[in-house]
Protein chains: 2
Amino acid sequence: MPTPPPETAGDPVSDDVVLGALLATAHQYARRALNEALAPLNIEARHYGVLAALDRDGPASQRRLSALLDLDKSAMVRIMDELERRGLATRNRDARDRRSYAIELTPEGRRKAREGGTAAATVGDRLFGWLEPADRERLVAMLTGIARQATGPGGDRNSGP
Amino acid sequence: MPTPPPETAGDPVSDDVVLGALLATAHQYARRALNEALAPLNIEARHYGVLAALDRDGPASQRRLSALLDLDKSAMVRIMDELERRGLATRNRDARDRRSYAIELTPEGRRKAREGGTAAATVGDRLFGWLEPADRERLVAMLTGIARQATGPGGDRNSGP
DNA sequence: TATTGTTATACTCTATAACTATA
DNA sequence: TATAGTTATAGAGTATAACAATA
């Protein structure tokens, strides 16, 4: 039951809380919008992310895909199970390192990736299209910085080199 | 295993995807950072949100708290169960409408709310403190706009008046 | 009839540990 | 020993439907 985010202002503590809550709200609503746009294709955001990465960067191991998409390796297993069962991607043993797979898109998978791209572009245009290019750049920089600060000193326990 | 968000640029479609992924990353890392800061108090972000709302706005029904924090009412039940079990808030029947509760903080709950506020302020300062005030305002405006677009036309199915 | 709160249920997401097969 | 992938499990978050008590 989406409700407009609560408005507050002035309070030095709750300003941060509001910003954090806004981050959550924007993310959740955006993900929901993407999922709704992808629903006719019978895939969800998690599938699209993998399909798009494969379409753009070519075959990759599950490990590489996990790192690329910032997903846990066990989450990747389940997503690949789903993609394989739907005939969108295949797991082929890498000849040079038989521990890894070379994950590849099937023709149908490539088609889904492209169709998903169109759907994602439509949603992206609605959500982000109204932003001036300069604002958009600022937004990317700010979100990147926030993520960095959150994983940085005092934040994350495995931020080793 | 947090990995810096993937960098990409130029691709008209993947720009949006990157922005969406950044939204997810920033949100998740920020929530994790808040949870870690609240861990010594034995509460999590969901508890703190309710405690802070009660501390600031005074007693409220579960319904009102759900709306205020954009939570499902059944989620609110579980959070209140936890707060009550920990002696941080109490459910008192509202005399004027015996269907509702008047949720109130206990003294211990109020203390947690304040201590949580301090912890949240520390995290907020680390995550958001480096932003210029003007950038911060822009960020709030952009996130609000994105959330509005996401729930707006073509997006959400219950966006009635 | 509508609303507040409760319960049951289910699916997604994230996270961890233990295991295998390869290296 | 270390890495790629698998499996099992658990908890958080989100969502829905059915229900009781009250309005």
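Proteins get letters first, then strands, A, B, ... in listed order; numbering begins at 1 in each.
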Roughly, in whole Å, what's the span from [atom1] in [X] to [atom2] in [N]?
| X | N | atom1 | atom2 | result |
| --- | --- | --- | --- | --- |
| B/Arg78 | C/dT7 | CZ | P | 12 Å |
| B/Glu84 | C/dT6 | CD | P | 8 Å |
| A/Leu71 | D/dG5 | CG | C1' | 15 Å |
| B/Asp81 | C/dT6 | CG | P | 7 Å |
| A/Arg91 | C/dT22 | CZ | P | 15 Å |
| B/Arg46 | D/dA15 | CZ | P | 16 Å |
| A/Ile79 | C/dA15 | CD1 | P | 13 Å |
| B/Arg32 | D/dG13 | CZ | C1' | 14 Å |

Partners meeting salt bridge (Lys or Arg N to Asp or Glu O under 4.0 Å) with A/Glu104 (sequence neighbours left out):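 Partners of A/Glu104 by the salt bridge (Lys or Arg N to Asp or Glu O under 4.0 Å) criterion come out as none, since no residue qualifies.
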Partners passing salt bridge (Lys or Arg N to Asp or Glu O under 4.0 Å) against A/Glu115 (at least two apart in sequence or in another chain):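 By the salt bridge (Lys or Arg N to Asp or Glu O under 4.0 Å) rule, A/Glu115 matches no residue at all.
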Residues in side-chain contact (heavy atoms from CB on, under 4.5 Å) with [X], at least two apart?
| X | answer |
| --- | --- |
| A/Thr122 | none |
| B/Arg110 | B/Asp55, B/Leu105, B/Arg114 |
| A/Gln62 | A/Met76, A/Val77, A/Met80, A/Arg91, A/Tyr101, A/Ile103 |
| A/Glu108 | A/Leu88, A/Thr106, A/Arg111, A/Lys112 |

For A/Asp57, all residues meeting side chain to side chain donor-acceptor pair (under 3.5 Å), sequence neighbours excluded: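 Side chain to side chain donor-acceptor pair (under 3.5 Å) check on A/Asp57 returns nothing, list empty.
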B/Gln62 side chain near C/dT6 phosphate (N/O to OP1/OP2, under 4.0 Å):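 Yes.
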Residue-phosphate contact under 4.0 Å: B/Arg63 side-chain N/O, C/dT3 OP1/OP2: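 So the side-chain polar atoms of B/Arg63 never come under 4.0 Å of the phosphate oxygens OP1 or OP2 of C/dT3.
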Nearest-neighbour nucleotide for the B/Glu44 side chain, D/dA12, C/dG5, D/dG5 considered: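 Nucleotide nearest to B/Glu44's side chain: D/dA12.
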Dot-bracket encoding per residue of DNA chain D, Watson-Crick/G-U cut-off under 3.5 Å, | denoting interstrand: |||||||||||||||||||||||
Could you go through nucleotides 17-23 of chain D and list every protein N or O atom that sits under 3.5 Å from one of its N or O atoms, giving the distance for each pair?
{"residue": "D/dA23", "atom": "OP1", "partner": "B/Arg98", "partner atom": "N", "Å": "2.8"}

SB check A/Asp81 A/Arg78 (cutoff 4.0 Å):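 Salt bridge flag = no for A/Arg78 with A/Asp81.
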Main-chain N/O of B/Gln149 paired with A/Arg126 side-chain donor or acceptor, under 3.5 Å: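 At least one qualifying donor-acceptor pair exists.
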Along DNA chain D (nearest heavy atom to each residue), the more 5'-positioned of A/Tyr101 and A/Arg31: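 Closer to the 5' end of DNA chain D: A/Tyr101.
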